[in-house]
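Input: a single structure, listed below in structure tokens.
Nothing here was measured: the structure is a model prediction, and the numbers come from that model.
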Amino acid sequence: MKTLYLDLSMGAAGDMLSAALYELLPDEKKAAFIEKMNSLGLPGVTVAAEPSVKCGITGTHMRIAVDGAEEHEHHHDHEHEHEHHHEHCHEHEHCHEHEHEHEHCHEHEHEHEHHHEHHHSSLGDIEAIIGALPLSDKVKKDASAVYALIADAESKAHGVPVSDIHFHEVGTLDAVADVAAVSLLIEMLAPDRIIASPVHVGSGHVHCAHGILPVPAPATAHILLGVPTYGGELRGELCTPTGAALLKHFVNEFGPQPAMTAEGIGYGMGRKDFPQANCVRAIFGSEGGGAERIFRLECNVDDMTAEQIGFAEEKLFEAGARDVYTVPVGMKKSRPGTLIAVICAESEKQGLIEAMFAHTTTLGIRESAVTRHVLSRRIETVETQFGLVRRKVSEGFGTEKVKYEYDDLARIARERGVPLSEAEKLIRMK
């Protein structure tokens, strides 16, 4: 199983994620990626992978420039006002005094007053831009989904409809390139699953057009609902709305790094310097069997019919359960009952708790975190005298197991008029 693990101990921004993933590409594909990004047709946008060093560690800074300058270079490191002839909200809120690179910070060493108009794009405009990019349907679908998360979060944070959310022009081009880059790199790397550490969001406050806001900013905090996060002593915004949305869309599970054999490590560098290396670290490799942290949710019921329990199991699987099983138990007043147990990842836990309350009669659910030792699994298709047959191959902990898919075995058994066990023997005999 190909696994991508993201170390987010310094948060995440779009360019940091793309730079870390870029470093995982084979050398022959890196130039092709940069060439592809520079041929997207985004007005004035250029993309370059630049070497960067943080705390003695060499990595890559993904420089996405609009009309020759990165977005922070378009703005100024002092309090200033922009004239807007409408009341729309913006993802790029002109925040100041941030301690981390992100899509909407401002740094120039000079001060002057300026008043100018900015052009803005709606979510529909963004979707049209993404839809016109010369990228695969999958990449465009992923990129649009990421922007939908951002727009929904801005809507919730500012209390306005999604249709009234508008994005600052320079920030739009910069962020669309970030989102497209990460979506394209995920397609190129094609991991089977993506796991990330809890997200370090930073601490303190930022000064924005709307006033002084806490870290994480309201939109970022909304996007990260359901995601494990933490603050710390570092002052500033370490996770941007774009970075948060990319994580929310692509990451399958948040937790510690699983047991895996690393095949590549990438460092995506931020622009700022901190006592701690300001980077996203991406580890790409294979899981050949290891331990993972999962959750077991349990409840006992004595007033549900078999049909009701069966329906509840179906709904729990639909809600993301890895496994659901029942055990007959004796309950109070000598009543026979049923223990309903659900196995799930942490990312699916809250939804499954809600599903258990909705589809069972229980008034309480027990939760326990457990460690599960697992073999890595993959599906292979092999040619046999009976046609193509699928089989599941499991490896790890010094063992290998092969099991043929039931549907294929059943087809052969029916065609040959033999028991299921005999069909498997015929396949193995070749």
(message) Is any side-chain heavy atom of Met269 closer than 4.5 Å to one of Ile57?
(response) yes
(message) Check whether Ser203 reaches the backbone of Gly232 with its side chain - one donor and one acceptor, N or O, closer than 3.5 Å.
(response) yes
(message) Please give me the minimum heavy-atom distance between Ala423 and Ile412, naming the atom from each residue.
(response) CB-CG2, 4.1 Å
(request) Would you indicate whether the side-chain heavy atoms of Leu8 and Val280 approach each other to under 4.5 Å? (result) yes
(request) Could you walk me through whether Thr220 and Glu237 pass side chain to side chain contact (heavy atoms under 4.5 Å, CB included), step by step? (result) CA-CA 10 Å; Thr220 304; Glu237 183 182 42; 4.1 Å; yes
Without placing hydrogens or testing angles, list every side-chain donor-acceptor pair under 3.5 Å for residues 23-42, not counting sequence neighbours.
unit_1	atom_1	unit_2	atom_2	d
Glu23	OE1	Tyr267	N	2.8
Glu23	OE2	Thr60	N	3.3
Glu23	OE2	Thr60	OG1	2.7
Lys36	NZ	Pro134	O	2.7
Asn38	OD1	Val47	N	2.7
Asn38	ND2	Ile34	O	3.1
Asn38	ND2	Val47	O	3.0
Ser39	OG	Glu35	O	3.2
Ser39	OG	Lys36	O	2.9

(request) Indicate yes or no for a side-chain donor-acceptor contact from Asp192 to the backbone of Thr3 under 3.5 Å, with no hydrogens or angles considered. (result) no
(request) Just do the side chain to side chain contact (heavy atoms under 4.5 Å, CB included) check on Leu21 and Met188 with the steps written out, would you? (result) CA-CA 10 Å; Leu21 299 178; Met188 295 174 72; over 6 Å; no
(request) Verify whether one side chain among Asn300 and Arg366 offers a donor that lies under 3.5 Å from an acceptor in the other. (result) yes
(request) Measure the shortest side-chain to side-chain distance between Cys279 and Lys54 over non-hydrogen atoms and say whether it is less than 4.5 angstrom. (result) no
(request) Report yes if the side chains of Met10 and Leu234 come closer than 4.5 Å at any heavy-atom pair, otherwise no. (result) yes
(request) Verify, without hydrogens or angle tests, whether His200 (side chain) and Ser9 (backbone) share a donor-acceptor contact under 3.5 angstrom. (result) yes
(request) Please report the closest heavy-atom contact between Val324 and Ala321, naming both atoms and the distance. (result) CG2-CB, 3.7 Å
(message) Set out, in order, the CA-CA distance, both residues' side-chain angles and the distance that settles salt bridge (charged side-chain N to carboxylate O under 4.0 Å, His left out) for Lys2 and Glu263, then state yes or no.
(response) CA-CA 10 Å; Lys2 294 297 183 182; Glu263 299 169 6; 2.9 Å; yes
(request) State, yes or no, whether a side-chain contact exists between Ile283 and Asp7 at a heavy-atom distance under 4.5 Å. (result) no
(message) How close do Ala153 and Ile223 get, counting heavy atoms only, and between which atoms?
(response) CB-CG1, 3.3 Å
(message) In the structure I gave you, are the side-chain heavy atoms of Leu247 and Val227 within less than 4.5 Å of one another anywhere?
(response) no
(message) Glu422 vs Arg416, test: salt bridge (charged side-chain N to carboxylate O under 4.0 Å, His left out). Steps then yes/no.
(response) CA-CA 10 Å; Glu422 187 66 22; Arg416 307 292 293 186; over 6 Å; no
(request) Please confirm whether the backbone N or O of Lys272 pairs with a side-chain atom of Asn278, one donor and one acceptor, at under 3.5 Å? (result) yes
(message) Looking at Phe386, is its backbone amide N or carbonyl O close enough to the side chain of Arg411 to form a donor-acceptor pair, meaning the two atoms are under 3.5 Å apart?
(response) yes
(message) Testing the basics here: between Ile340 and Thr360, what is the closest heavy-atom pair and its distance to 0.1 Å?
(response) CD1-CG2, 4.1 Å
(request) Spell out, as yes or no, whether a donor-acceptor pair under 3.5 Å connects the side chain of Ser347 to the backbone of Asn252. (result) yes
(message) Between Asp323 (side chain only) and Ile343 (backbone N and O only), is there a donor and an acceptor less than 3.5 Å apart?
(response) no
(message) Leu238 vs Val201, test: side chain to side chain contact (heavy atoms under 4.5 Å, CB included). Steps then yes/no.
(response) CA-CA 5 Å; Leu238 301 187; Val201 296; 5.7 Å; no
(message) Tell me if a side-chain donor or acceptor on Glu348 pairs with a main-chain N or O of Ala345 at a distance below 3.5 Å.
(response) no
(request) Please check if atom NZ in Lys141 has more than 12 non-hydrogen atoms from other residues, nucleotides or ligands closer than 6.0 Å. (result) no
(request) Count the heavy atoms of every other residue, nucleotide or ligand shown that sit under 6.0 Å from CG of Leu363, and state whether that count exceeds 12. (result) no
(request) List the atom of Cys299, the atom of Gly364, and the distance in Å for their closest heavy-atom pair. (result) CB-O, 3.5 Å
(message) Looking only at side-chain N and O atoms, does Asp178 offer a donor or acceptor that is under 3.5 Å from a partner on Thr242?
(response) no
(message) I'd like to know if the side chain of Lys140 and the backbone of Gly131 have a donor-acceptor N/O pair within less than 3.5 Å.
(response) yes
(request) Determine, step by step, whether Glu313 and Thr326 satisfy the side chain to side chain contact (heavy atoms under 4.5 Å, CB included) criterion, reporting the C-alpha distance in whole Å, the side-chain angles of both residues, the deciding distance to 0.1 Å, and the verdict. (result) CA-CA 9 Å; Glu313 288 186 8; Thr326 60; 3.1 Å; yes
(message) With heavy-atom distances below 4.5 Å as the criterion, would you say the side chains of Arg193 and Pro258 are in contact?
(response) yes
(request) Give the minimum heavy-atom separation between Met260 and Phe284, together with the two atoms involved. (result) CE-C, 4.1 Å
(message) Within the structure provided, determine whether Asp152 and Lys156 are in side-chain contact (heavy-atom separation under 4.5 Å).
(response) yes
